[in-house]
Amino acid sequence: MIHEFLAYLVRFYDIFVATFSLSYILFYIFLAILSYWAIIKHLKEQKYLEEEVLLRSNHIWGVSVVAPAFNEGVNIVYNVKSLLSLTYPKFEIIIVNDGSTDDTLEKLITEFDLVKIDFYYQEKIVTQPVRGHYKSKNPVYSKLLVVDKVNGKSKADASNAGINTSQYPLFLCTDVDCILKSDTILKLAKPFMENETRVIATGAGIRISNSCEVKEGFLFKVHFPTEWYPCFQELEYVRSFLFGRMAWSKINGLLLVSGGLGMFDKDIVVKAGGYWHQSLGEDMELITRMRKYMHDTNEKFLIKYIPESLCWTEVPSTRQVFLRQRIRWARGLIQTLYLHRNMFLNPKYGRTAFLVLPFFFTFEFLVPIIEFLGILTLIYSFIFGLIDYQYLLLITTLIYLFYLSITIVSILIDEVLYKSYANYKELLLLIGMAIIEPIAYHPINVYASLKGYWHFFSNKEQKWGVMVRKGYEKPVKK
């Protein structure tokens with residue numbers, strides 16, 4: 001009797017997986033079409049309002065670049081010089097020393113000739129105490145402002161202190177170790193100035209700098225990562241940033257602007273409450289809360305995505321650090337969905353309630369759980385001889401080929417538009433990694449997601465963890 005019931009459950013699960021997989025494929029085909037249209041539209045719009053015209057305008061919007069720094073002494077001087085080299089008529093660089101225990105602040109003071117100043121600090125968003133503000137005596141570094149504060153145990157708290165300090169209506173939040181293209185501010189600020197509907201946030205593509213040639217904080221030459229985990233993360237970044245987020249941008253459904261590179265309307269961020277310091281996915285949670293605020297106030301808004309790689313950052317290169325990051329991301333996802341559960345299917349929140357949040361719940365949160373249950377079902381079916389091998393082969397091949405086609409299309413679009421790699425050998429290597437990703441890399445992500453969910457539901461203590469950076473100490477290749 002029990003065996004018959006379990007056999008029935010196996011058949012039911014097979015039907016469920018087939019239906020779910022078909023829905024997944026159809027939705028991603030829909031996203032692929034939207035992404036293609038969005039990229040074409042972006043390329044055409046580049047001709048309508050020339051960036052040189054904006055640069056010469058007297059009405060250009062000011063931008064504050066906010067970069068939290070915790071124990072970044074290895075590269076802090078080079079990184080700040082890189083940020084100061086950005087080309088934009090009206091901007092400031094705000095480095096937030098978040099209670100570093102190394103020589104981060106000392107290096108900044110020495111290198112940039114900083115002195116403590118009297119500063120009118122308005123705590124519009126509550127943070128850990130700010131100990132002081134520093135400016136350079138050298139006019140060459142007049143755009144630099146350093147904030148020294150008590151450690152807040154999260155990037156969110158440091159970012160909020162930078163927002164409180166900023167003077168301009170837009171702020172660009174980045175990581176201090178990120179290397180930005182010189183025209184990044186202009187690219188991200190442009191949608192705010194050219195759209196009639198209020199733009200509340202913009203984002204752009206992020207790439208991996210682990211194997212790139214970097215000299216004194218400046219990107220010299222882009223290379224495909226040579227280490228195992230960064231290789232697969234490069235693949236993820238190309239697919240998600242160029243393909244997924246462009247599609248969501250097209251239908252104004254973006255729920256995530258990366259914490260490593262995102263520009264925001266400061267007024268809306270402050271009214272929405274700033275970054276939530278207890279969040280483990282503070283970038284996604286902030287965008288969700290900003291969308292909620294705009295719906296609550298009945299204001300039309302846009303969140304735009306730029307299909308260009310404007311930022312390079314160092315990613316985890318070891319299994320331990322990688323798992324810690326992905327566990328935090330998974331926990332941040334379910335934390336955000338749970339916190340804003342009252343928005344689900346609520347007519348007040350429009351497409352956010354009926355499309356965006358249900359998608360993230362179904363195709364982001366549930367997928368690792370479904371895959372894990374699938375493995376258990378497969379093991380049970382194998383033991384009791386219930387496997388339909390023809391069906392299993394068909395559904396597995398279909399899903400694999402679909403995934404591979406989406407990934408390769410993303411890679412080729414990126415290469416055609418932006419020529420991101422040094423040679424075709426690196427491009428072929430990326431395609432090769434795509435072929436083995438489902439077997440060699442994806443299971444690790446599923447494990448990290450499930451562990452993150454377990455941490456959330458078991459109420460385990462929240463920790464951000466430390467991203468150990470190797471830095472860019474090797475000389476540039478000749």
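Scope of the values below: all heavy atoms of this structure, side chains included, with no hydrogens, waters or symmetry mates.
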For [Y], is there an ion pair with [X] - N to carboxylate O distance below 4.0 angstrom?
| X | Y | answer |
| --- | --- | --- |
| D267 | R198 | yes |
| R239 | E437 | yes |
| R207 | E308 | no |
| K153 | D157 | no |

Under a 4.5 Å cut-off applied to non-hydrogen side-chain atoms, are [X] and [Y] in contact?
| X | Y | result |
| --- | --- | --- |
| V356 | F360 | yes |
| Y121 | E123 | yes |
| L302 | N195 | yes |
| K190 | I306 | no |
| T352 | L357 | yes |
| L170 | Y168 | no |
| K137 | L114 | no |
| M343 | R289 | no |

Working to the nearest 0.5 angstrom, can you tell me the gap between [X] [atom1] and [Y] [atom2]?
| X | Y | atom1 | atom2 | value |
| --- | --- | --- | --- | --- |
| N210 | Y229 | CG | OH | 14.0 Å |
| R319 | R326 | CZ | CZ | 13.5 Å |
| L428 | F224 | CG | CZ | 11.0 Å |
| K149 | D98 | NZ | CG | 4.0 Å |

Looking only at side chains, do [X] and [Y] share a donor and an acceptor under 3.5 Å apart?
| X | Y | result |
| --- | --- | --- |
| Q167 | E92 | yes |
| T226 | S211 | yes |
| D177 | T313 | yes |

Next on the checklist: For a salt bridge (Lys or Arg N to Asp or Glu O under 4.0 Å) check, start with the C-alpha distance between D102 and K107, then their side-chain angles and the critical distance, and finish with the verdict.
Outcome noted: CA-CA 10 Å; D102 67 353; K107 281 189 172 181; over 6 Å; no

Hey, can you tell me if [X] and [Y] have their rings parallel, tilted or perpendicular (30° and 60° cut-offs)?
| X | Y | answer |
| --- | --- | --- |
| F264 | F171 | parallel |
| F232 | Y441 | parallel |
| Y338 | F456 | perpendicular |

Item to check | Proximity of F365 and Y453 rings by center, below 6.0 Å | outcome: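 Centroid distance F365-Y453: below 6.0 Å, so yes.
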
Next on the checklist: Go through it in stages, so that I can follow the logic: the residues are N97 and D148, the test is side chain to side chain donor-acceptor pair (under 3.5 Å), and I'd like the CA-CA distance, side-chain angles, deciding distance and then a yes or no.
Outcome noted: CA-CA 5 Å; N97 178 49; D148 182 34; 2.9 Å; yes

Item to check | Test log, rule side-chain contact (heavy atoms from CB on, under 4.5 Å), inputs L172 and L261 | outcome: CA-CA 7 Å; L172 168 61; L261 184 70; 3.8 Å; yes

Checklist entry - Does a sphere of radius 6.0 Å around NZ in K143 hold more than 12 heavy atoms from other residues, nucleotides or ligands, not counting ones at 6.0 Å or beyond? => result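 Yes, the 6.0 Å shell around NZ holds more than 12 heavy atoms from other groups.
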
